[in-house]
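Keep in mind it's a predicted model, so treat the numbers as computed, not measured. Residue numbers start from 1 in every chain, and the chains themselves are labelled A, B, ... in the order their sequence lines are given, proteins ahead of strands.
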Amino acid sequence: MSKLLEGLNAEQRTAVTTTEGPLLVIAGAGSGKTRVIVHRIAYLLEQGLARPEQILAVTFTNKAALEMKERVHHLVPPSRRRGELLLSTFHSLCVRILRRHLDRFGGAYTRDFTIYDTDDQGRLVKACLKELGLDEKQYPPRAMQSRISAAKNRGETPETLPPSSDPMRDALSRTFRLYEARLAAANALDFDDLLLLTVRLLHRFEDIAADYNDRFRYILIDEYQDTNPPQFNLVRLLTQQRQNLCVVGDPDQSIYKFRAADIRNILDFEQHYPKAKTIILAQNYRSTKTILDAANAVIQHNRARRKKDLITHNPAGEPICVFVAANAEEEADFVVKEITAWQRRHAHLPSPETRAAVLYRINAQSRLFEEACRRQGVPYVLIGGFSFYERAEIKDVLAYLRLLLNPHDDAAFDRIVNVPPRGIGKATLDILSAHAINNGVSRWTATLQLLEAGRLAARALTALNSFVQLIESLQALVGDTKLAGLVQAVIMRSGYDEMLRQEGTREAESRKQNLNELLAAAAEADERQESLREFLDRAALVADTDNLVDDARITLLTIHSAKGLEFPLVVVAGLEEGLFPHMRAAYNDDDLEEERRLFYVAMTRAKQQLYLTYAERRRVYGEEVLADPSRFLEEIPEALLMDVRQQGVGKLTPPPAAEVNGQHWSHPQPAGTKPVGTATAATGFRVGDRVAHATYGVGQVVRVADGKLDIAFLGKGVKRFVAGAAPLKKIARE
DNA sequence: AAGTGCCCGTTGTTC
DNA sequence: ACGGGCACTT
């Protein structure tokens, strides 16, 4: 028997060695899912079933891909792994394919396309709304953006969304159409396009599809529960010929519905691939029995679910600690203090066994924990939120670099045309933009044409001309100069360095430091002999967790970012109604069940010890609000919990119902009621209506006058809202 | 064209 | 509480 199989349980072995035909591996949290994938790849190589370049494994992050590769290398001797093992995310894979074949479409898109990130997308949507004369108040850019994205992932195109008499739908249709046209004009692809165009490419050109079918004899997909329709279609197209497809995932950990992930992909796998064999990995190797029992108890509250209980032979371990803080600052202080104390108590263990993570629902919570760490002088690593590649100065310099490769990249152009300020003001840019729209050309082309015609104020002409000179002179360096040199040239010649120097603030200093880090990253890319293109692609597709520091003592991150990770000590913070489950998810069963899965993911990150904390008061939008404990806390058997303040677990029972205007209200939302839409105006509200607010919870309209609403919230008094100014949902009676 | 002050929405999760 | 966007000023 192969040494590879030693130490694997019976199910894991079957999953590793069943190499013909489709295979579905339902892997519970901590059941060795990654291990199965790694060993399966190693097995394929060792048995000579495939050469490295014939295997494709798709992971959720690039970091996961790198780790897997290392582990495979550890198991397989070098002689067996000559060739390129392709381990990557769906997005990276698609960029790779498109950079090779996108020209085949022959239309506007070429292989030199630029990738628009969410930020660029937002700018573009805004510009489209403006161009169409649509009011941003009535059609919030962010909402439009996510509707467009959702439509694209459903397979809609501007053609399938015809003009409509409904103003909202019509606005969406028109914005969508213009948005797509502008993307094409800029030779730009958004994140959705990367997947969608790859699917279209393989669908349309059989020879390309055949090539990849030929090449990839074995395909493995990790975190399959979070694949979306385009990803599903891509997998279909890649497995037409051979169905040596192995998907691994856990329906209970599906947490990306908001980005179009469709849990049915995994639930219906056996229907999609009728010859599929299914293996369930139900033994958890990660967590203590206490933690696992609690997680099992919680997830059982989900009704739309295939029953699956995880078991473990691990010891019971310590009870789960629940801490109730008076406010969010106290919560954060307690968490940091408790973590350091726990680590001190376990100082005899090797340091990887005392790593801790603070998990929270929303990024805004991170600030509290950062501040608590700073106050207590404890080093920490923050994941996400304002990560490196999202910083303005980094994006600015990257925008310069993008413009060098693709001057028609309007998003990049807009970003830096007057950064640092070089006298190209609003008036000039309006003319420029109008010219670009009227002539159907990019900003860059419009600039050249305006310069040619000379029909602008002399000052504007000089400024624009020097900008063009700058870009062209930098373009001349591409290819000849090393990346580090190029980045340095951008920072210096653009005047960015000078601008930061003149500011002279601490903030400017730290931005300068960030740019130095970017320089270092460029130098590293030089060592790997990367092209500018590859450098930019990487920058566009880095995941927050890709920069995870493995040996950090304390890591702060959202639960979403924590997917696939594990820590000996985990604190899940902010377990309050309205925050977790989040207000916006509390009104429909599907969203609420996804919140519960999110909590399930959070709990099952913990190996040894789990803390659950919440604050009775928290500042939201600068205002102190009261909060009730999360309903999820009540779903954990009390025997598994310990209140670290010795207040008794009775603390966790829901607060009594309250009276508003003589009517009885229970919090949260009364059962059986449904949201009927977001209020964009006070119209449609009547005195007596039940309404919900993202921050204050359920309330009752007590006055409607002059486009204003007075709403009474339980325990929070009467608040006044201006029409269209607040995220209100009206709740229908019954 | 750039600077100042006020109003408004923000904070839901990410490749 | 805070920053972006806008109107208004210099």
Check: Whole Å only: how far is the CG atom of D226(A) from the P atom of dC15(B)?
Finding: 12 Å

Margin query: Please report the distance separating the C1' of dC2(C) from the corresponding atom of dT13(B), rounded so that it comes out in whole Å.
Written below: 22 Å

Notebook entry, point to check: Does any N or O in the side chain of N302(A) come within less than 3.5 Å of the main-chain N or O of E593(A), such that one atom is a donor and the other an acceptor?
Noted result: yes

Item checked: Within residues 364-373 of chain A, residues whose heavy atoms come under 4.0 Å of DNA chain B -> A364(A)

Next item on the list: Identify whether any heavy atom of D117(A) sits under 4.0 Å from a base atom; if not, whether one sits that close to sugar-phosphate; answer base, sugar-phosphate or nothing.
Entry: nothing

Notebook entry, point to check: Please give, in whole Å, the distance from dA2(B) P to L429(A) CG?
Noted result: 10 Å

Notebook entry, point to check: Does one side chain, of D591(A) or N588(A), offer a donor that lies under 3.5 Å from an acceptor on the other?
Noted result: yes

Note to self: Can you see if the side chain of R584(A) gets near the phosphate of dG12(B) - specifically, an N or O under 4.0 Å from OP1 or OP2?
What the structure shows: yes

Notebook entry, point to check: Hey, is CZ on R147(A) packed in by over 12 heavy atoms from elsewhere, all under 6.0 Å?
Noted result: no

Note to self: Could you tell me how far apart K126(A) (NZ) and dG4(C) (P) are, to the nearest whole angstrom?
What the structure shows: 11 Å

Next item on the list: Look at the side-chain N and O atoms of N363(A) and state whether any lies under 4.0 Å from the OP1 or OP2 oxygen of dT13(B).
Entry: yes

Next item on the list: Please work out if A427(A) contacts a base, only the sugar-phosphate, or nothing of the nucleic acid, heavy-atom cut-off 4.0 Å.
Entry: sugar-phosphate

Check: Once you round it to whole Å, what is the distance between C1' of dT14(B) and CD1 of I383(A)?
Finding: 14 Å

Notebook entry, point to check: Side-chain N or O of S561(A) less than 4.0 angstrom from OP1 or OP2 on dT14(B)?
Noted result: yes

Next item on the list: Return the nearest nucleotide to the side chain of P421(A); candidates are dC15(B), dT13(B), dA2(B).
Entry: dA2(B)

Item checked: Under-4.0 Å salt bridge between E498(A) and R501(A) -> yes

Next item on the list: Could you tell me whether the phosphate oxygens of dT11(B), OP1 or OP2, come under 4.0 Å of any side-chain nitrogen or oxygen in R142(A)?
Entry: yes

Item checked: Length of the CZ-P vector between R259(A) and dT14(B), whole Å -> 9 Å

Note to self: Judged by each residue's nearest nucleotide on DNA chain B, which is more toward the 5′ side, Y256(A) or T428(A)?
What the structure shows: T428(A)

Margin query: So L195(A), base contact, sugar-phosphate only, or nothing? Heavy-atom distance under 4.0 Å.
Written below: nothing

Next item on the list: Using atom OH of Y360(A) as one end and atom C1' of dT14(B) as the other, report the distance to the nearest whole Å.
Entry: 14 Å

Next item on the list: Test for a donor-acceptor pair under 3.5 Å between the base of dC15(B) and the side chain of T118(A), counting only N and O atoms.
Entry: yes

Notebook entry, point to check: Is any NZ, NE, NH1 or NH2 atom of the basic residue among R123(A) and D414(A) found under 4.0 Å from an Asp or Glu carboxylate oxygen of the other?
Noted result: no

Check: Do we get R99(A) above F113(A)'s six-membered ring, with its NZ or CZ under 6.0 Å from the centre and within 45° of the axis?
Finding: yes

Next item on the list: Measure from the side chain of R361(A), starting at C-beta and using heavy atoms only, and say which of dG12(B), dC15(B), dT14(B) lies closest.
Entry: dG12(B)

Next item on the list: Would you indicate what D193(A) reaches in the nucleic acid, counting non-hydrogen atoms under 4.0 angstrom: base, sugar-phosphate, or nothing?
Entry: nothing

Note to self: Within a 6.0 Å radius of atom CG on D589(A), are there more than 12 heavy atoms belonging to other residues, nucleotides or ligands?
What the structure shows: no

Next item on the list: Figure out the CG/P separation between L557(A) and dC15(B), and round it to whole Å.
Entry: 12 Å

Notebook entry, point to check: Planes under 30° and centres closer than 5.5 Å, is that true for F258(A) with the base of dT14(B)?
Noted result: no

Next item on the list: Answer with base, sugar-phosphate or nothing: what part of the nucleic acid does T61(A) contact at a heavy-atom distance below 4.0 Å?
Entry: nothing

Notebook entry, point to check: What is the nucleic acid contact for F90(A), judged by heavy atoms within less than 4.0 Å: base, sugar-phosphate only, or nothing?
Noted result: nothing

Check: Heavy atoms under 4.0 Å, any strand shown: does R619(A) hit a base, just sugar-phosphate, or nothing?
Finding: nothing

Next item on the list: Please report, rounded to the nearest Å, how far the P atom of dT14(B) is from the OH atom of Y389(A).
Entry: 18 Å

Item checked: Heavy-atom donor-acceptor pair, E595(A) side-chain to dG12(B) base, under 3.5 Å -> yes

Check: Between dC15(B), dA1(B), dT10(B), which nucleotide gets closest to the side-chain atoms of Y621(A)?
Finding: dT10(B)

Next item on the list: Return no unless some side-chain N or O of N418(A) is found under 4.0 Å from OP1 or OP2 of dA1(B).
Entry: no

Checklist line | Ionic contact status for E534(A) with R538(A), cut-off 4.0 Å | finding: no

Margin query: What's K257(A) touching, base or sugar-phosphate or nothing? Going by heavy atoms closer than 4.0 Å.
Written below: nothing

Notebook entry, point to check: If only side-chain N and O atoms of S92(A) are considered, is one of them under 4.0 Å from the OP1 or OP2 phosphate oxygen of dC15(B)?
Noted result: no

Next item on the list: Mark yes when over 12 heavy atoms from residues, nucleotides or ligands other than R142(A) sit less than 6.0 Å from its CZ; otherwise mark no.
Entry: no

